[in-house]
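The structure appears below as structure tokens.
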Amino acid sequence: MTEPTGLRERKKARTRETIAATALRMFLEAGFDQVSITEIAHAADVSRRTLFAYFPTKEDLVLQRFADHEDEAARTVLARRRDQPPLDALREGLLDALRQRDPNTGLNDDPEIMAFLQLISDTESLAARLLRYTSRGMDALAEALRESDFDPLTARLTAAQVIVVQRELAVMNHECLVKGESAADRYPEAVRAADHAFDLLRDGLGSR
């Protein structure tokens, strides 16, 4: 009897999550470079072939969380109100993410999330791989801006600046939490920094 499509998809999603969660736990305990694919597959009770079917590279086991969000800025622009400028929608989206303590903003002091972000920054191959997701995020945002009547050059330059600003703000937030500041204490400054950054994006550097 053929398994219903919905059930198959749910089972695949559970397998994917089990593999990723197992890998992350092992990486946090022993270090990224010290854990092999074979060890992860064994611990997750799957074959190496199955693991690679879900995650083509070892780095993808960690960075799949970012892959799920790489076109988030583009989706924010495309889903905005018709009368709302793209930069205003992106600012609003970032401020909402800060309020929700979205891990992608760096403003989340859950110990496991902080350890996850530190694992990436401390592992050269992961940090390098993350740049690919950043680049794809820029491409997606540039396309969304072109659909919003930006000319190609302006769309590309705006997308690059927005993505880099978002990433730098997240790094700054995370660094403050690593130094012992709580997410609650950091929040007002994180909001101020985000507003300042988007003011600069909107108005340019002027005479600065």
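Bear in mind the structure is a predicted one, so any value in this text is a computation, not a measurement. Starting from 1, each residue takes its place in the sequence as its number.
- More than 12 heavy atoms of other residues, nucleotides or ligands lie within 6.0 Å of CZ in Arg14, so this atom counts as buried by the packing criterion.
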With salt bridge (Lys or Arg N to Asp or Glu O under 4.0 Å) as the test, would you mind laying out the steps for Arg129 and Asp60 before giving the verdict? CA-CA 9 Å; Arg129 182 82 174 189; Asp60 289 329; 3.2 Å; yes

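- Side-chain contact check for Asn173 versus Leu98: some heavy-atom pair is nearer than 4.5 Å.
- Using a 4.5 Å cut-off on side-chain heavy atoms (C-beta onward), Ile163 and Gln166 make contact.
- The CD atom of Glu39 sits 10.0 Å away from atom CD1 of Ile37, with the distance rounded to the nearest 0.5 Å.
- The shortest heavy-atom contact between Val77 and Ser148 is CG1-OG, 3.6 Å.
- In this structure a side-chain-to-backbone donor-acceptor pair under 3.5 Å is present from Ser121 to Gln118.
- Looking at Arg91 and Asp199, a side-chain N of the basic residue comes within less than 4.0 Å of a carboxylate O on the acidic one, giving a salt bridge.
- The two residues Leu201 and Val162 have their closest heavy-atom pair at CD1-CG2, 4.1 Å.
- The shortest heavy-atom contact between Cys176 and Arg186 is SG-NH1, 3.5 Å.
- Atoms CD and CZ, on Glu70 and Arg75 in that order, are 9.5 Å from each other to the nearest 0.5 Å.
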The test is side-chain contact (heavy atoms from CB on, under 4.5 Å); show your working for Leu24 and Leu119 and say whether it passes. CA-CA 10 Å; Leu24 182 57; Leu119 173 70; 4.1 Å; yes

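- Atom OH of Tyr133 sits about 8.0 Å away from atom CD of Gln64, to the nearest 0.5 Å.
- In the hydrophobic clustering of this structure, Met26 groups with Phe52; members are Ile, Leu, Val, Met, Phe, Trp, Tyr whose side-chain heavy atoms approach within less than 4.5 Å, directly or through other members.
- Side chains of Arg156 and Asp139 form a contact here, defined as non-hydrogen atoms less than 4.5 Å apart.
- The hydrophobic cluster containing Leu126 also contains Phe55, counting ILVMFWY residues as joined when their side-chain heavy atoms lie under 4.5 angstrom apart, directly or transitively.
- The side chain to side chain donor-acceptor pair (under 3.5 Å) pairs that include a residue from residues 102-111 are Asp102-Asn104, where partners are two or more places apart or lie in different chains.
- Contact of the Glu92 side chain with the Asp96 side chain is not registered, since no non-hydrogen atoms from C-beta on lie closer than 4.5 Å.
- Every residue two or more places apart in sequence or in another chain that forms a ring pair (Phe, Tyr, Trp, His ring centres under 6.0 Å) with Phe32 is listed here: Phe27.
- Two residues are said to be in side-chain contact when any heavy atoms from C-beta on lie closer than 4.5 Å; Thr22 and Thr18 meet this criterion.
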Would you check, one step at a time, whether the test side-chain contact (heavy atoms from CB on, under 4.5 Å) holds for Met138 with Val164? CA-CA 9 Å; Met138 286 182 189; Val164 170; 3.7 Å; yes

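- Here the side chains of His174 and Val178 are in contact, with some heavy-atom distance below 4.5 Å.
- Summarising the geometry of Ala140 relative to Ala74, their closest heavy-atom pair is O-CB, 3.4 Å, with the distance given to 0.1 Å.
- By the rule that hydrophobic residues join a cluster once side-chain heavy atoms approach within less than 4.5 Å of another member, Ile113 and Met172 end up as members of separate clusters.
- With a 6.0 Å cutoff to the six-membered ring centre and a 45° limit on the axis angle, Arg101 counts as a cation-pi contact of Tyr187.
- When hydrophobic clusters are built by joining Ile, Leu, Val, Met, Phe, Trp and Tyr residues whose side-chain heavy atoms come closer than 4.5 Å, directly or via intermediates, Leu61 is grouped together with Leu130.
- Between Val35 and Lys58, the closest heavy-atom pair is O-NZ, 2.6 Å.
- Residue Asp45 qualifies as open at atom CG: its count of foreign heavy atoms under 6.0 Å is 12 or below.
- Residues Arg80 and Thr76 fail the side-chain proximity criterion, which asks for heavy atoms closer than 4.5 Å.
- Nearest heavy-atom pair, Leu169 versus Ala197, reported as atom, atom and distance to 0.1 Å: CD1-CB, 4.1 Å.
- Counting non-hydrogen atoms of neighbouring residues, nucleotides and ligands closer than 6.0 angstrom, the CD atom of Gln84 exceeds 12 such neighbours.
- Residue Glu175 holds its CD atom at 11.5 Å from CG of Leu117, rounded to the nearest 0.5 Å.
- Residues Asp195 and Arg192 are not paired through a salt bridge, judged by the lack of any N-O separation under 4.0 Å between the basic side chain and the carboxylate.
- In this structure a side-chain-to-backbone donor-acceptor pair under 3.5 Å is present from Gln161 to Leu157.
- No chain of hydrophobic side-chain contacts below 4.5 Å, direct or via other Ile, Leu, Val, Met, Phe, Trp or Tyr residues, connects Leu78 to Leu145.
- At most 12 non-hydrogen atoms from other residues, nucleotides or ligands lie less than 6.0 angstrom from CZ of Arg132.
- Within the 4.5 Å cutoff, the side chain of Phe116 has no heavy atoms near those of the Pro103 side chain.
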Check the pair Phe198, Leu94 against side-chain contact (heavy atoms from CB on, under 4.5 Å), reporting the backbone distance first and the verdict last. CA-CA 10 Å; Phe198 273 89; Leu94 177 56; 3.7 Å; yes

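- Every pair tested for side chain to side chain donor-acceptor pair (under 3.5 Å) that includes a residue from residues 25-34 fails, sequence neighbours excluded, so the list is empty.
- Comment: Asp71 does not engage Arg136 in a salt bridge, judged by the lack of any side-chain N to carboxylate O separation of less than 4.0 angstrom.
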